[in-house]
Amino acid sequence: MCSTRHLLRALVLALALSVVSVAAIAPRLRADGVPDRGAAQPLWATYPTCTMPLVNTGWDSRVTLPPYAGIAQPFGFTANVAACSLKVDPSYTFGRLEVVQWDAANLLPDPTTVALRSVALNSSNMAWNWLHVQMTPPLVTRAIAHVAGAPSASGALTYVGTYPYNSTSFRYTADGDPALPAGFYATGSGYHALAGAHPVHGLTLCGGDVGLQDLRVVQSVMATDTRLDWSRHDVLQRFRVPRRVRLHWVEFAYDSTATWYSFGSVSILRDGLAGASPPLELPPPLLSATFSASYETSPPSPAWHSHFDFDSSLVLEPDVDYWLLVTPANQFQLRAHALTGGEGADFTAGIGPMWSRNTNGQPWTLENARALSFRVIGDTASVVSVDDAPRRSPLELRATPNPSRGASMLAWSGATGRVKLEVLDARGRRVSDDVTLPAASGRWAWSATRSGRPLPAGLYFVRATDSEGRAAI
């Protein structure tokens, strides 16, 4: 039997976060992920196919920006993301694409944390449509209740040029989907509104599959407002999880590395350590993995990073102290959070002290009033006991936006087994291919087209039916 860890590893290897696409040559996919080679416009410029689309926007306009300028397209919703693409004209240039938390009030990337994902792009990405630039692991923004510092509810895709000569043309829709926030372009003086009634950049987001959408942030310190200097060889951070979860991977934030090919390690230990400080010789870890600086993030930029696959599986129990051991080995400058004394009850219950040392085998030093910036990713579905199983809820279905001038996002919940989605016109005739998805809850983007052609304006009904025959319209 294949473990959840191995399935996730396959997902991570298969679903590279595709970044910048030449929109005219990527095949369109129907909502069920089957290629439609005859369609005129691309839908998912990702490989392999996307089984759970989140966002797809078209384009009818361009904005051409000089070197060192860029764009920002907020998402306006919370979802786990496996892949994305940004629609641009081909050009010989360089830049950096990042997924960030977005400060909607100030129209800037959230200053409290570094980029969630960051990838350096070269001329091959921009001009020759080499889309398989991995941004792994997949981005998880959903969190369980009572984590110390949950991710914000709003994200954005940003791009900044790093080449001093050529300009870049970004494609966008002048009057885009009202369900998405308006997009911006950026110059040295900040972010500015694009031309149009409601401009939205040409963008796709893929949610991977049901397994990815079931993942959660199960403990985290998202703030990255201070740095640990290069002298740290080992860093120990004590933590607890709010409920029983299966661990998948850990993320941590760092600014830069000593070399592009620096290596470190991350481990999880169960806290049975006696005394006021950790011992010189630590007990064997419950599991461990190595991490390195990827060429895709070079030159380095402050961002969240992860590790290679753990060497075993682990279920974390609530009300148990664990140690997260990160060994930057004097090669990585880790980020941390400076405690203010105003942290809430969830933070106090979940986050313990942090210790560090400059050389392996030396005594530990308490990092006063600081906590390591980290994210623990796991799931609860595979470890829920019978007593913890939620009560059965009714099958519900909703569409956003409604009414819509085009595509709609359909979300369902409370299903048993597989869900079949059908779109019917006002006379009850089926106007789209049926879609069957194995999820109790999820999202499906309906493009308001049939065989690649837009449907006429009118009233349409969506019917969801689960494996027990329950239906919602």
Side-chain angles (χ1 to χ4, degrees), residues 17-26 28 40-46 55-76 83-100 102-104 106-109 115 117-133 135 155-178 180-205 296 299 301 405-407:
L17 182 54
S18 305
V19 288
V20 180
S21 69
V22 179
I25 66 176
R28 180 171 183 163
Q41 295 293 330
L43 181 58
W44 299 109
T46 59
V55 169
N56 175 64
T57 61
W59 63 275
D60 54 25
S61 305
R62 289 178 173 86
V63 57
T64 301
L65 300 179
Y68 299 124
I71 62 99
Q73 179 56 58
F75 305 156
C84 75
S85 64
L86 180 65
K87 298 169 185 176
V88 302
D89 286 349
S91 60
Y92 187 93
T93 187
F94 295 75
R96 181 173 293 277
L97 183 141
E98 294 186 333
V99 182
V100 300
W102 184 253
D103 183 350
N106 296 310
L107 301 180
L108 291 170
R117 295 292 183 270
S118 180
V119 170
L121 305 176
N122 58 33
S123 59
S124 295
N125 305 121
M126 305 294 288
W128 299 106
N129 203 29
W130 289 5
L131 298 178
H132 310 308
V133 179
M135 193 179 287
L157 184 68
T158 66
Y159 174 89
V160 176
T162 58
Y163 188 63
Y165 301 109
N166 295 339
S167 61
T168 305
S169 292
F170 299 86
R171 301 178 179 184
Y172 73 96
T173 303
D175 191 9
D177 188 345
L180 291 175
F184 304 91
Y185 70 93
T187 63
S189 58
Y191 286 93
H192 311 280
L194 292 164
H198 186 75
V200 174
H201 282 286
L203 174 74
T204 62
L205 292 178
E296 292 171 356
S301 179
R405 285 183 283 180

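The model shown is predicted, which means the values in this text are computed figures rather than measured ones. Along the sequence shown, residues are numbered consecutively beginning with 1.
Annotation: side chain to side chain contact (heavy atoms under 4.5 Å, CB included) contacts of L65 (sequence neighbours excluded): V63, A69, I71, F170, Y185. Applying the side chain to side chain donor-acceptor pair (under 3.5 Å) rule to N166 yields no partners; only residues at least two apart in sequence or on another chain are considered.
Closest non-hydrogen pair, G95 versus Y159, comes out as CA-OH, 3.3 Å. When every heavy atom of S61 is checked against every heavy atom of A174, the shortest pair comes out as OG-CB, 3.8 Å. The shortest non-hydrogen separation linking G183 to P74 is CA-CD, 4.4 Å. Nearest approach of S169 to T64, heavy atoms of both residues: OG-OG1, 2.7 Å. Closest approach of A156 and W102 over heavy atoms only: CB-CE3, 3.7 Å.
For residues 183-193, there are no salt bridge (Lys or Arg N to Asp or Glu O under 4.0 Å) pairs, not counting sequence neighbours.
Side chains of E98 and S301 form a contact here, defined as non-hydrogen atoms less than 4.5 Å apart. In this structure the side chain of R117 never reaches within 4.5 angstrom of the side chain of L97, judged on heavy atoms.
Using cut-offs of 30° and 60° on the angle between ring planes, the pair Y163 and F94 is tilted.
From H201, atom NE2 reaches atom OG1 of T173 across 10.5 Å, with rounding to the nearest 0.5 Å. How far OG1 of T57 is from CD of Q73: 7.0 Å, rounded to the nearest 0.5 Å. In this structure, OG1 on T168 lies 12.0 Å from OH on Y68, to the nearest 0.5 angstrom. Remark: N56 CG to D177 CG distance equals 10.0 Å, nearest 0.5 Å. In this structure, the separation between CZ on R96 and CG on L121 is 8.5 Å, given to the nearest 0.5 Å. Going from atom OG of S167 over to atom CG of D89 covers 9.5 Å, rounded to the nearest 0.5 Å.
Y172 places a side-chain N or O within 3.5 Å of a backbone atom of A195 that can act as its donor or acceptor partner.
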